[in-house]
Amino acid sequence: MSIIVKICGLRTPETLDAALEAGADMVGFVFFPPSPRHIAAEQARVLGERVKGRAQKAALSVDADDATLAAMIEALHPDILQLHGHETPERVSAVKARFKLPVMKALAIETRADLAAVANYKNVADRLLFDARAPRDATRPGGLGKPFDWTLLRELDPGIPFMLSGGLDAGNVAEALRITRAPGVDVSSGVERA
């Protein structure tokens with residue numbers, strides 16, 4: 001089984017080219033102003049055109065309204081939308097119905113109890129992304145470079161494709177895959193130099 005690799009938070013032609021040349025299956029672009037990886041519409045347009053079908057494009061948003069989603073879709077022409085906020089299952093369904101694109105829903109994981117959300121999303125999302133829960137005082141969601149306890153996913157069968165995220169890097173991704181048997185990984189800060 002081959003592992004799907006997504007490299008997220010790409011902001012420049014150089015980083016995008018490096019991800020594509022390294023064989024990334026998916027490349028992610030962040031549309032969330034508080035993030036240091038946020039890109040504007042024109043930047044998204046230029047980078048999106050540069051992909052030229054060499055990988056799937058994912059557009060990441062956090063609790064975005066329909067106007068924001070429409071603008072990022074127009075700029076990037078993504079293959080999948082990544083909803084990384086507190087979007088409800090009803091919101092995920094509404095986004096899929098309105099924009100006619102697959103949706104990957106990120107779920108914040110810290111304890112086994114967090115996995116209860118899988119049942120709520122497995123019939124509305126096309127893919128799940130298990131990410132570390134952000135610290136309580138964080139200004140943005142996600143692992144922020146920190147992993148969670150991967151053993152929580154041991155033997156998990158969510159019923160739909162999923163990816164693992166949160167603190168993954170060259171030194172720990174093999175162990176994370178061994179423990180979780182994840183069919184995909186999503187990395188960002190773990191492949192950055194700065």
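No experiment lies behind these values; they were computed from the predicted model shown. Residues take their numbers from the sequence shown, with the count starting at 1.
- You'll find the side chain of Val46 stays beyond 4.5 Å of the side chain of Gln43, heavy atoms only.
- At least one side-chain heavy atom of Leu128 sits under 4.5 Å from a side-chain heavy atom of Val118.
- Nearest heavy atoms, Gly9 versus Arg37: CA-CD, 3.5 Å.
- Taking CG of Leu152 as the reference point, atom CD1 of Ile179 lies at 10.5 Å (rounded to 0.5 Å).
- Considering CG of Leu83 and OG of Ser61, their distance stands at 5.0 Å, rounded to 0.5 Å.
- For the pair Trp150/Phe130, no side-chain contact is recorded, criterion being any heavy-atom separation below 4.5 Å from C-beta on.
- With hydrogens and angles disregarded, a donor-acceptor distance shorter than 3.5 Å links the side chain of Lys96 to the backbone of Val124.
- Under the 3.5 Å distance criterion, the side-chain polar atoms of Arg98 are left unmatched by any main-chain donor or acceptor of Val95.
- Remark: Leu129 CG to Phe162 CZ distance equals 10.5 Å, nearest 0.5 Å.
- By the 4.0 Å N-to-carboxylate-O rule, Asp17 lies close enough to Arg50 to be salt-bridged with it.
- Under 4.0 Å is where a charged nitrogen must lie from a carboxylate oxygen, and between Asp114 and Arg133 at least one such pair does.
- For Arg178, the side chain to side chain donor-acceptor pair (under 3.5 Å) partners at least two apart in sequence or on another chain are Glu175.
- Taking CG from Leu76 and CD from Glu49, the interatomic distance works out to 10.0 Å, rounded to the nearest 0.5 Å.
- Contact annotation: the side chain of Ile7 never approaches that of Ser188 to less than 4.5 Å [non-hydrogen atoms, C-beta and beyond].
- Listed here is the closest heavy atom pair of Asp25 and Ile4: OD2-CA, 3.4 Å.
- Neither side chain, Asp63 nor His84, offers a donor N or O lying under 3.5 Å from an acceptor on the other.
- In the hydrophobic clustering of this structure, Phe148 does not group with Met163; members are Ile, Leu, Val, Met, Phe, Trp, Tyr whose side-chain heavy atoms approach within less than 4.5 Å, directly or through other members.
- Formation of a donor-acceptor pair under 3.5 Å by the Asp186 side chain with backbone atoms of Leu164 is not found in this model.
- For the atom pair Thr12 OG1 and Ile39 CD1, the distance stands at 10.5 Å (nearest 0.5 Å).
- Using a distance-only test at 3.5 Å, with no hydrogens or angles considered, no donor-acceptor pair links the side chain of Thr68 to the main chain of Ala64.
- Although no hydrogens or angles enter the test, the distance criterion places no donor-acceptor pair under 3.5 Å between the side chain of Thr15 and the main chain of Leu10.
- Residues Lys105 and Val92 come closest through the heavy atom pair CD-CG2, 4.0 Å.
- Contact of the Val62 side chain with the Leu60 side chain is registered, since non-hydrogen atoms from C-beta on lie closer than 4.5 Å.
- The salt bridge (charged side-chain N to carboxylate O under 4.0 Å, His left out) test applied to Arg154 returns no partner, not counting sequence neighbours.
- Not one N or O on the side chain of Gln82 forms a donor-acceptor pair closer than 3.5 Å with the backbone of Ala106.
- Of all heavy-atom pairs spanning Val27 and Ala19, the tightest one is CG1-CB, 4.2 Å.
- The hydrophobic clustering, which links ILVMFWY residues whose side-chain heavy atoms are closer than 4.5 Å, places Leu101 and Val51 together.
- Across all non-hydrogen atoms, the minimal contact from Pro102 to Asp79 is CD-O, 3.3 Å.
- Taking Phe31 as the reference, nothing meets the ring pair (Phe, Tyr, Trp, His ring centres under 6.0 Å) condition, with sequence neighbours excluded.
- We find the CG-OH distance between Leu107 and Tyr121 to be 6.5 Å, quoted to the nearest 0.5 Å.
- Side-chain contact between Met26 and Ile80 is present, with at least one heavy-atom pair separated by less than 4.5 Å.
- Here the side chain of Lys100 pairs a donor or acceptor atom with the backbone of Ala97 at under 3.5 angstrom.
- In this structure the side chain of Ile3 reaches within 4.5 angstrom of the side chain of Leu177, judged on heavy atoms.
- Side chains of Lys6 and Gln56: a donor-acceptor N/O pair is absent below 3.5 angstrom, by distance only.
- Across all their heavy atoms, Leu20 and Ala55 have their closest contact at CD2-CB, 3.6 Å.
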